[in-house]
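Nothing fancy with the numbering, it's 1 onward along the sequence.
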Amino acid sequence: MNVHRSAAVLAAAVVIGTAAPAVAASPSPSPSLPSGLYGSGDPTYDGVWRQSYALIALHRVHERLPAEAVDWLAGQQCANGAFPAFRANPAKACDAKLMVDTNSTAAAVQALSAAGGHADAVTKAVTWLKSAQNKDGGWGFAPGGASDANSTSVVIGALLTQGLSVPEVRKGTKSPYDALLKLSLPCADGGAFAYQPDKKGKLSANADATAAAVVAVLGGGPLTAKAGTRGEIACADTPDLTPQRAAANGASYLAGSVAKDGYLKSALPGSEDQPDYGNTADAVVALAAQGGPEAARKPLAWLERNSAKWAEQSGPAAYAQLILAAEASGADPSHFGGTDLVKRLAASGPTPVVASKDDSDVSPWWIVGAGLAAGAGIGFLISGRNKRKRP
């Protein structure tokens, strides 16, 4: 889940990946950009994604979500329930020329669930996601596209925020876990997950896909994933591979990949290997989910020492990824390598609601819900915070 879903953009040339241009952060969005949007960079390819991750990350650390930011995200939804990467004119109905995708939709489901008050929009989005499920049980980036581990994983995260049983969300006889297991490599090949089979059907280890799949199986996604206590991280081939065993194998691959330097690497064509900050942050969440905070200690420490400049250059989604990594592994995102990640992320969007001295620990949704219940007898459905969950 790099600053945006990686392999999808490279493949479609319209989504963002590890090679996508950095989205610069700023104290507030540019006047030329939509009001309520986090970040000052061009939102064409990542508007909904970065907005969703920003809201999810702020929710995870108990920050109050600006209504303007939540409304902007909700306004991106099309009538059929799907979300595009960015909708320049929300007043204009979505048409066939506007590309909607599963990643943006699933991320928005998680963010709106965290915000509360958008049950109808969330229900419509989940219904659309179910309609886009492939025969193998998974999802591709675009409706009808071949299933990939990243897209399937982010949709699993959305399903779990709604209390749905993932094994029961089926297309024919296949569930999302069936799709992920088809992309799991044996221990002889590292135990990782592949993004997709290549044209010859061969699977190749992919760290981004592996981190996404591990988190999906163990915690769902950025809104609900949390540190586990599952003990040793090791790879083992079994006759009947389960999602949990595949997740443990994937975590073992990630642990081995960061064992030497503390970070994952990415290489662009014609260039040397470079540190991959976003995938390393996602690996921290995956390792913590499988083996507890101690399993993520080394890559987390590397991020604390080295990620500040990357986050500053890359913007809201990067700050959100680091917050989620810190929060899932027991670190303090307000003091992360000398940087207050929460303050930096919040400063890149609308002015948040300021809590009064006597209600600073009370969620505004509980306040609104209590008022509605007392005055009109109407319950207010709230996305609870189970230490998480985005991403």
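Other residues, nucleotides and ligands place more than 12 heavy atoms under 6.0 Å from the CG atom of Asp95. More than 12 heavy atoms of other residues, nucleotides or ligands sit less than 6.0 Å from atom NZ of Lys298.
Note that the CZ atom of Arg305 and the CG atom of Leu300 stand 10.0 Å from one another [nearest 0.5 Å]. Atom CG of Leu264 sits about 4.0 Å away from atom OG1 of Thr280, to the nearest 0.5 Å. Between the CG atom of Asp178 and the CG atom of Leu183 there is a distance of 11.5 Å, given to the nearest 0.5 Å. Remark: Leu185 CG to Ser204 OG distance equals 7.5 Å, nearest 0.5 Å. Atom-to-atom distance recorded for Leu345:CG and Gln321:CD is 11.5 Å, nearest 0.5 angstrom. Between the CG atom of Leu98 and the CZ atom of Phe86 there is a distance of 10.0 Å, given to the nearest 0.5 Å.
Between Pro84 and Arg87 the shortest heavy-atom distance is CG-CB, 3.8 Å. Contact detail for Ala149 and Ala209: the closest heavy-atom pair is CB-CB, 3.8 Å. Pairing each heavy atom of Thr152 with each of Trp139, the nearest pair is OG1-N, 3.0 Å. When all heavy atoms of Ser266 and Pro275 are compared, the pair lying nearest together is OG-O, 4.4 Å. Taking all atoms of both residues into account, the shortest heavy-atom contact from Gln133 to Gly137 is NE2-O, 2.9 Å. For the pair Asp101 and Ala85, the tightest heavy-atom approach, listed with the atom from each and the gap, is OD2-N, 3.6 Å.
Judged by distance alone, with hydrogens and angles left aside, the side-chain atoms of Gln290 form no donor-acceptor pair with the main-chain N or O of Val285 at under 3.5 Å. Under a 3.5 Å cut-off, the side chain of Arg170 and the backbone N or O of Pro167 do form a donor-acceptor pair. In this structure, the side chain of Ser52 does not engage the main chain of Ala111 through any donor-acceptor pair within 3.5 Å. A donor-acceptor contact shorter than 3.5 Å is absent between the side chain of Glu327 and the backbone of Asp332. Of the possible donor and acceptor atoms, one in the side chain of Gln77 sits under 3.5 Å from a partner among the backbone N and O of Ala121. With Lys124 contributing its side chain and Ala79 its backbone, the two residues share a donor-acceptor pair below 3.5 Å. Within the 3.5 Å criterion, the main-chain N or O of Tyr177 finds a donor-acceptor partner in the side chain of Ser175. Side-chain atoms of Ser184 do not come within 3.5 Å of backbone N or O of Leu181 as any donor-acceptor pair. Put simply, the side chain of Thr161 gets close to the backbone of Ala158: a donor and an acceptor are under 3.5 Å apart. Gln51 places a side-chain N or O within donor-acceptor distance of the main-chain N or O of Tyr38, the cut-off being under 3.5 Å.
Between Leu180 and Val217 there is a side-chain heavy-atom pair separated by less than 4.5 Å. Between Leu73 and His118, the closest side-chain pair of non-hydrogen atoms is not below 4.5 Å. Within the 4.5 Å cutoff, no side-chain heavy atoms of Leu254 are placed close to those of Val258. Between Leu322 and Thr339 there is no side-chain heavy-atom pair separated by less than 4.5 Å. Put simply, the side chain of Phe336 reaches to within 4.5 Å of the side chain of Leu303, judged on heavy atoms. The shortest side-chain heavy-atom distance between Thr105 and Gln76 does not fall under the 4.5 Å cut-off. Contact of the Asn80 side chain with the Cys94 side chain is not registered, since no non-hydrogen atoms from C-beta on lie closer than 4.5 Å. Counting heavy atoms from C-beta outward, Val100 and Phe83 have side chains that stay 4.5 Å or more apart.
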* Asked: Could you go step by step and tell me if Gln313 and Lys309 meet the side chain to side chain contact (heavy atoms under 4.5 Å, CB included) rule?
  -> CA-CA 6 Å; Gln313 293 176 339; Lys309 185 176 181 180; 3.3 Å; yes
* To do: Apply the test side chain to side chain contact (heavy atoms under 4.5 Å, CB included) to residues Thr123 and Trp128: give CA-CA distance (whole Å), side-chain angles for both, the deciding distance (0.1 Å), then the verdict.
  => CA-CA 9 Å; Thr123 298; Trp128 181 83; over 6 Å; no
* Run the numbers on Asp340 and His335 for side chain to side chain contact (heavy atoms under 4.5 Å, CB included), then give the verdict. => CA-CA 5 Å; Asp340 187 336; His335 299 280; over 6 Å; no
* Would you sort out whether Val126 and Leu164 count as a side chain to side chain contact (heavy atoms under 4.5 Å, CB included), showing the intermediate values? => CA-CA 10 Å; Val126 171; Leu164 297 173; 4.0 Å; yes
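No hydrogens or angles considered: a donor-acceptor pair under 3.5 Å links the side chains of Asp208 and Asn150.
By the 4.0 Å N-to-carboxylate-O rule, Arg50 lies close enough to Asp46 to be salt-bridged with it.
In this view, Ser147 and Asn134, Asp136 satisfy the side-chain hydrogen bond (donor to acceptor under 3.5 Å, both in side chains) rule, not counting sequence neighbours. For Asn89, the side-chain contact (heavy atoms from CB on, under 4.5 Å) partners at least two apart in sequence or on another chain are Ala91, Lys92. Partners of Arg297 under the salt bridge (charged side-chain N to carboxylate O under 4.0 Å, His left out) rule, at least two apart in sequence or in another chain, are Glu294. Asp261 pairs by the salt bridge (charged side-chain N to carboxylate O under 4.0 Å, His left out) definition with Lys265, not counting sequence neighbours. Remark: Ala216 pairs with Ser153, Ile156 by the side-chain contact (heavy atoms from CB on, under 4.5 Å) rule, at least two apart or across chains.
Ring to ring, Tyr277 and Trp302 are close: their centroids are under 6.0 angstrom apart.
Within the structure, the side-chain hydrogen bond (donor to acceptor under 3.5 Å, both in side chains) test picks out the following pairs touching residues 246-260 (sequence neighbours left out): Arg245-Asn249.
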